[in-house]
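This report concerns only the one structure given below.
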Amino acid sequence: MFKKKLVLLISIAVGSMVLAQTATQTDWSGGSGVSGPVLNWSTTFDMENSVNWFSSTGELILDYSSPMEHPVTGGYVNVNYIHPVDVDGDGDEDILSAAGRYGPPYFFSGSIYWWENIDGNGTNWEYNIVDNNFPSAPSICSADLDGDDDIDIIGLARGSVNDLAWWENIDGSGINWAEHIIPSSIQQGGSVDTADVNNDGYVDILCADTGNEVVWLENVDGSGNNWIEHIIGYNNVPYDVYGADVDGDEDIDVVVPSYNGDYIRWWENVDGSGINWVDHNVTNNFNGARSVFASDVDGDGDIDILGAASLEWAITWWENSDGSGNSWIEHNISSNFNWAFAVCASDMDEDGDADVIGAAYFGDDITWWENTDGSGLNWQEHLIDDNFDGARDVVTADMDGDGDPDIIGVAQEDSDISWWDVTCCVELGELVSSILDIEAGADWDSLIWISDEPTETSLYFQVRSSMDPQYMGNWSIDIMTPGSLENYLMDGDQYVQYKVFLETTNPGFSPVLEDVTISWSEITGIDDNIIPLITKLNQNYPNPFNPETEIIYSLRENSKVSLNIYNIKGQKVKQLISDQLPEGQHSVVWNGKDDNGKSVSSGIYFYKLKTENYEKTKRMVLLK
């Protein structure tokens, strides 16, 4: 159970003027190394130990410990491909695998196995043979082809008369299989995928033939016994095929790389029937394009395309900039990934965005890149294994049933299949803020924060203050709950600093810090008619807020004043003030509505105060 902590601060002054001030930090993405003093915390801090400040803008979590490897097998010779799926219908993820090589001395060797996840926690495996004589077997996938509510297997061969087949899971147990050959023109199988291409409710099959052909097989009556082949198009040595709705018209399009042509194309399923196709170029300069994947990388609601290029050593994604698949912007993730062989995407850290996982064949490398702010423009690399000889394929699934994604990989040269639990947290981490200069002596009020703390996790603070930033002194005792700073800091100090501790005794979970606010009062000892010493815009309060927040500002002299609200795109949302105002302290409340009286959506907003001699912008967050 998660608990949300929020304490409200009310300042009351009698007989003197109290200028309430706050300093809030909601984002640490600027990184460490700024000891201060600083006039605002912004996105930077002083130092950290074992805290993941890349995890998501506006959050801190514990860093991840070293990935924990769990071998599935160490003796599956020439393993090519893996596919996680619940083969036996017992509620946990099993693993399908294909092995074989199209080259001496393995021209006609090949097999398809599945590995049973015996106890559901991914540590005890037993293999089952589906077919021990399926040539080369470069690719497999699964689906319920015959509509009997269990998982069947689709396999692609190379160098055989019968290059495409499916195996019927006769009783749903994964023990008894019946092979069905699918007549097709495929002769040099590269990759196979499944999708309902013509929207008739039946699962069809997509195939890429490295002899340049891309086809789909129509499952005519949903029985898996009657098939019609349809040509999609031709590509120069396509090693992969992926079905996705690229243009957002609710039908299945097809994405294919060209290894020899160095390009990636997608074919538009023009009318959703699978009969009429138009090809569109994504890139024509991706050297040795080997693998493709489709996912919403930047969180804008449309499908982007990921690629792995073996000869370019690159993992790259292309932004579907108009959502229709007609305009693409290239973004590099890694350009030093030795013989990039496979790529996929999954929300590895469960922060709501797509992270990227890759396998590098000659680099012997499995790596995942964290999409640190959800934009797809900033990535943090996490090495999983750099001694996984001949890393050929990588996918994700929840192998241990703990609710988070794990990484599964194939090492062809090692004959290995392994999976890694990659999001286990360290037990303890801490972060120290920059020293904040409040430019006045302070009567300290409160330390408040918003956090999520799952069971068996905790989060707490220490603080310290000083008149000299070179000698900040000792840290306070632990502050376990938000509230008053009385007895923790010395009134009258000008500089302040916090330290936050994150702890867990359950490695699967981390506490999450969303924001922290220190508040104080400047007591002048004069009445409300005294002119403020400076013009100043204060941080709004509360922040985050719903549905309204107060903005306080002080004017040193009479001035023409404008105070406006802007969205994250820089568009003006609301004009709060546009008037000639007298000196003194002023406040205004924004109710989360625009100039037309319409409520705005949740998100980040900026408020800007401008006078004849002063201009200041601050950030706030509306959470509904």
For residues 146-153, tabulate all N or O donor-acceptor pairs below 3.5 Å that involve a side-chain atom, not counting sequence neighbours.
unit_1 : atom_1 : unit_2 : atom_2 : d
Asp148 : OD1    : Asp150 : N      : 3.4
Asp152 : OD1    : Asn169 : N      : 3.0
Asp152 : OD2    : Leu145 : N      : 3.0

Side-chain atoms of residues 297-305: list all donor-acceptor pairs with protein atoms under 3.5 Å, sequence neighbours left out, distances to 0.1 Å.
unit_1 : atom_1 : unit_2 : atom_2 : d
Asp300 : OD1    : Asp302 : N      : 3.3
Asp304 : OD1    : Asn320 : N      : 2.9
Asp304 : OD2    : Val297 : N      : 2.9

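Aromatic ring orientation, His230 versus Trp216: parallel (interplanar angle below 30°, classes split at 30° and 60°). Note: Trp166 and His180 have parallel aromatic rings, judged against thresholds of 30 and 60 degrees for the angle between ring planes. Ring geometry for Trp368 against His382 counts as parallel: the plane angle stays under 30°, on a 0 to 90° scale with 60° as the upper cut.
Taking the six-membered ring for Trp, Trp339 and Phe362 have ring centres closer than 6.0 Å. Taking the six-membered ring for Trp, Trp115 and Tyr127 have ring centres closer than 6.0 Å. Taking the ring centroids of Trp266 and Tyr242, they lie at or beyond the 6.0 Å cut-off.
Remark: Glu413 engages Arg101 in a salt bridge (charged side-chain N to carboxylate O under 4.0 Å, His left out) (not counting sequence neighbours).
A donor-acceptor pair shorter than 3.5 Å cannot be found between the side chains of Tyr113 and Thr73. Donor-acceptor pairing under 3.5 Å is recorded for the side chains of Ser223 and Asp221. In this model, a donor atom of one side chain and an acceptor atom of the other lie less than 3.5 Å apart for Asp240 and Ser191.
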side-chain hydrogen bond (donor to acceptor under 3.5 Å, both in side chains), that's the test. Do Ser185 and Glu213 meet it? Break it down for me. CA-CA 9 Å; Ser185 61; Glu213 191 176 59; 2.5 Å; yes
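The side-chain heavy atoms of Val292 and Val256, taken from C-beta on, include no pair separated by under 4.5 Å.
More than 12 heavy atoms of other residues, nucleotides or ligands lie within 6.0 Å of CG in Asn226, so this atom counts as buried by the packing criterion. The number of heavy-atom neighbours closer than 6.0 Å to OH of Tyr460, taken from other residues, nucleotides and ligands shown, is above 12.
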